[in-house]
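Treat the numbers as computed from the prediction; the structure is a model and nothing was measured. Here is the naming used below: chain letters follow the sequence lines, and residue numbers restart at 1 for every chain.
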Amino acid sequence: MGSLLVVKPGLFTSIQDAGRFGYRRYGVPVSGAMDAHHAALANALLNNPADAPVLEITSKGPELHFRDHTMVAITGAELSASIDGHHMPVNSVRHIAAGQVLAFGQPQFGMRAYLGIKGGYLSETVMGSSSMYHPVTGRSRLETGDTLVFRESGGPDQLNAIVKPDLRFFQSQYIVATTGPEFEHLTPKQADHVRKGIFEIAENNRMGYQFRVSSILSHTTHIITSPVTPGTIQLTPSGRLIVLMRDGQVTGGYPRILQLAEDGMNRLAQKGTGQKIRFNLITLP
Amino acid sequence: MTLQPEYTCRSLGENVLLLEWPARITPGVLQVILDLQETIVAAAIPGLLESYHTYHTLALIYDPQTLSHYELEQKILAVSVSSGTVKKIRWYIPVYYNGEELEQLATQKGLKSEELIKIHSETTYLLYFYGFLPGFMYLGGLDERLHAQRKPTPVQAVPAGSLAIGGAQTGIYPTQSPGGWHIIGQSPLRFFIPHTEPPCFASPGDEIVFEPVDALAFREIAGEVEAGTYQLKKDQSDG
């Protein structure tokens, strides 16, 4: 086993795995990596199990001092990672030696990066998952002074070729969506706006993405509290679309207008406040 | 049991099947949902990962690589539902009714504080489900005289253990959270204990009664809860 010290925690850095299943009946959200695709890629590059815990890094990255050597991989957003000042490009694997510092610089594209480590991070497992989410785990994010433990301290494995990042994953404006249970409550004009409109992200965090209010979408419909799931898009009375993400609550009283699948959530998770998207709305028969 | 289900099925995303009953809040529908859920879980259908419910909907989370939602619907129809075997429990939750908001709410409703406390604590509530936050109970039965619109501006940090009223609902915030309900007291109990199985002591279908205690008793109970020695009062019924 090895460890590293968190010297600076970054904007919002947490340990995430594939999610916490079986506890929604107690109001416990699923959690897990916001961009599950790139979290799995970080593990794949290291020949880890796909659901090994990774570090999810948001926008401004942490500063990590490694006490032991191991292999790391960085995927997802290009947040200018470096080891002792040498740039580690996104989708690459590096050996990191005891005493070296892994830090981050200016974001180049994307919002969330994943730092995988050989064997995965060892962290408190609660209800079958290491995904950090308070109050299930002690804290939701890393803080200065934290020590992270990882499973293997080891010598260099064979270094694999760099995987070319798919820039369209980050740049495309389109998010594929299907209609939600309450889509029929929209007027024809409202439905048209959802299909064709441009929506600007006003706020985002692990619980959800909120878009700017579209007054044309304002309404008075409410539903009795019903199940929602990551990817469910709710519409508030004032006309604000809210996309529930991985830490989102499991029940809700706002109409469920649209639904994102995994791919839609992964792509949205790489966008930031101020960016605009459009829905590619597929209506299922 | 009946051949035609009382529910309709539809998908919520690629891995959730919703069984929906007519949109009402009634103890009868809750019992039907709980019975069906218990039967489905016991049937251990391969690919069915977890289930949870709200007032009139049962959500089934499944692995779409193992079975389709059509297959899951058929398998659900094939199970024969028996009446719930789980005994209901009535839990007695100590609460210290107090605070400015309680007095303001009482005035707003044309009641004295003592009357509000009496009405609130003499009701037996039905636990419908957990949602919103880990351990947040959705309780039914709040007396109409205490119904109150949520506050126009929510508070950033409602303390853990706060007993509150919002709309036609009452409940306890299990952890600190933003909230727009009217806070009428505190309970010293822990409503979500992550390292225990189950993490919540009450199950949907159970009953909840709030027992008024004074500030001193509140502190004593809080101490016992902290030490792990507090014995939660409960009645188990056979019905």
**Asked** Got a second to check how far T225(A)'s OG1 is from I25(B)'s CD1, nearest 0.5 Å?
**Response** 7.0 Å
**Asked** What is the distance from atom CD of E20(B) to atom OG of S226(A), rounded to the nearest 0.5 Å?
**Response** 7.0 Å
**Request:** Flag the pair F21(A) / L49(B) as yes when at least one side-chain heavy-atom distance between them is below 4.5 Å, and no otherwise.
**Result:** no
**Prompt:** If you take all heavy atoms of R10(B) and P181(A), which pair is closest and at what distance?
**Reply:** NH1-O, 3.1 Å
**Message:** For E143(A), is the CD atom crowded, meaning more than 12 foreign heavy atoms sit under 6.0 Å from it?
**Reply:** yes
**Prompt:** Distance from R24(A) atom CZ to I61(B) atom CD1, nearest 0.5 Å?
**Reply:** 4.0 Å
**Request:** For residues P227(A) and V16(B), determine if any side-chain heavy atom of one lies less than 4.5 Å from a side-chain heavy atom of the other.
**Result:** no
**Message:** For residues 199-208 of chain B, which residue pairs pass the side chain to side chain donor-acceptor pair (under 3.5 Å) check, not counting sequence neighbours?
**Reply:** R90(B)-E207(B), W91(B)-D206(B)
**Prompt:** How about V136(A) and F192(B): do any of their side-chain heavy atoms sit closer than 4.5 Å?
**Reply:** yes
**Complete:** Turns out that what part of P204(B) lies under 4.5 Å from chain A's heavy atoms comes down to neither
**Prompt:** Would one find more than 12 heavy atoms of other residues, nucleotides or ligands at under 6.0 Å from atom CD of E184(A)?
**Reply:** yes
**Item:** Under 4.5 Å from a heavy atom of chain B, the part of Y23(A) involved
**Value:** both
**Request:** Considering only heavy atoms and a distance below 4.5 Å, find which of T137(A), L260(A), V28(A), I223(A) pairs most often with chain B.
**Result:** V28(A)
**Request:** To the nearest 0.5 angstrom, please state how far the OG1 atom of T251(A) sits from the NE2 atom of H53(B).
**Result:** 10.5 Å
**Asked** With distance as the sole test, does Y52(B) use its side chain to make a donor-acceptor pair with the main-chain N or O of V250(A) at under 3.5 Å?
**Response** yes
**Message:** Can you tell me which portion of E197(B) sits under 4.5 Å from chain A's heavy atoms? Options are side chain, backbone, both or neither.
**Reply:** side chain
**Item:** Any E262(A) side-chain heavy atom under 4.5 Å of E14(B) side chain
**Value:** yes
**Request:** Give a yes or no on whether Y254(A) atom OH has more than 12 heavy-atom contacts from other residues, nucleotides or ligands under 6.0 Å away.
**Result:** no
**Message:** I need the residue from R25(A), Q249(A), H134(A), M127(A) with the largest number of non-hydrogen atom pairs under 4.5 Å to chain B.
**Reply:** R25(A)
**Residues that R212(A) engages under side chain to side chain contact (heavy atoms under 4.5 Å, CB included), provided they are two or more places apart** = E200(A), A202(A)
**Fill in**
Those residues at least two apart in sequence (or on a different chain) that pass salt bridge (Lys or Arg N to Asp or Glu O under 4.0 Å) with K234(B) are none
**Message:** What part of P230(A) gets within 4.5 angstrom of chain B, counting heavy atoms only: side chain, backbone, both, or neither?
**Reply:** neither
**Item:** Validation row: E124(A), H195(B) side chains within 4.5 angstrom (heavy atoms)
**Value:** yes
**Message:** Could you measure the distance from the OG1 atom of T54(B) to the CD1 atom of I224(A)? Nearest 0.5 Å is fine.
**Reply:** 9.0 Å
**Message:** What residues of residues 130-144 of chain B make heavy-atom contacts with chain A at a cutoff under 4.5 angstrom?
**Reply:** Y130(B), G131(B), F132(B), L133(B), P134(B), G135(B), Y138(B)
**Asked** More than 12 non-hydrogen atoms from neighbouring residues, nucleotides or ligands closer than 6.0 Å to CD on E226(B), yes or no?
**Response** no
**Request:** Determine whether more than 12 heavy atoms belonging to other residues, nucleotides or ligands lie under 6.0 Å from atom CZ of R278(A).
**Result:** yes
**Message:** Would you say that more than 12 heavy atoms from the other residues, nucleotides or ligands in this model lie under 6.0 Å from the OH of Y174(A), or not?
**Reply:** no
**Prompt:** With a cut-off of 6.0 Å (strictly less than), are more than 12 heavy atoms of other residues, nucleotides or ligands near NE2 of H147(B)?
**Reply:** yes
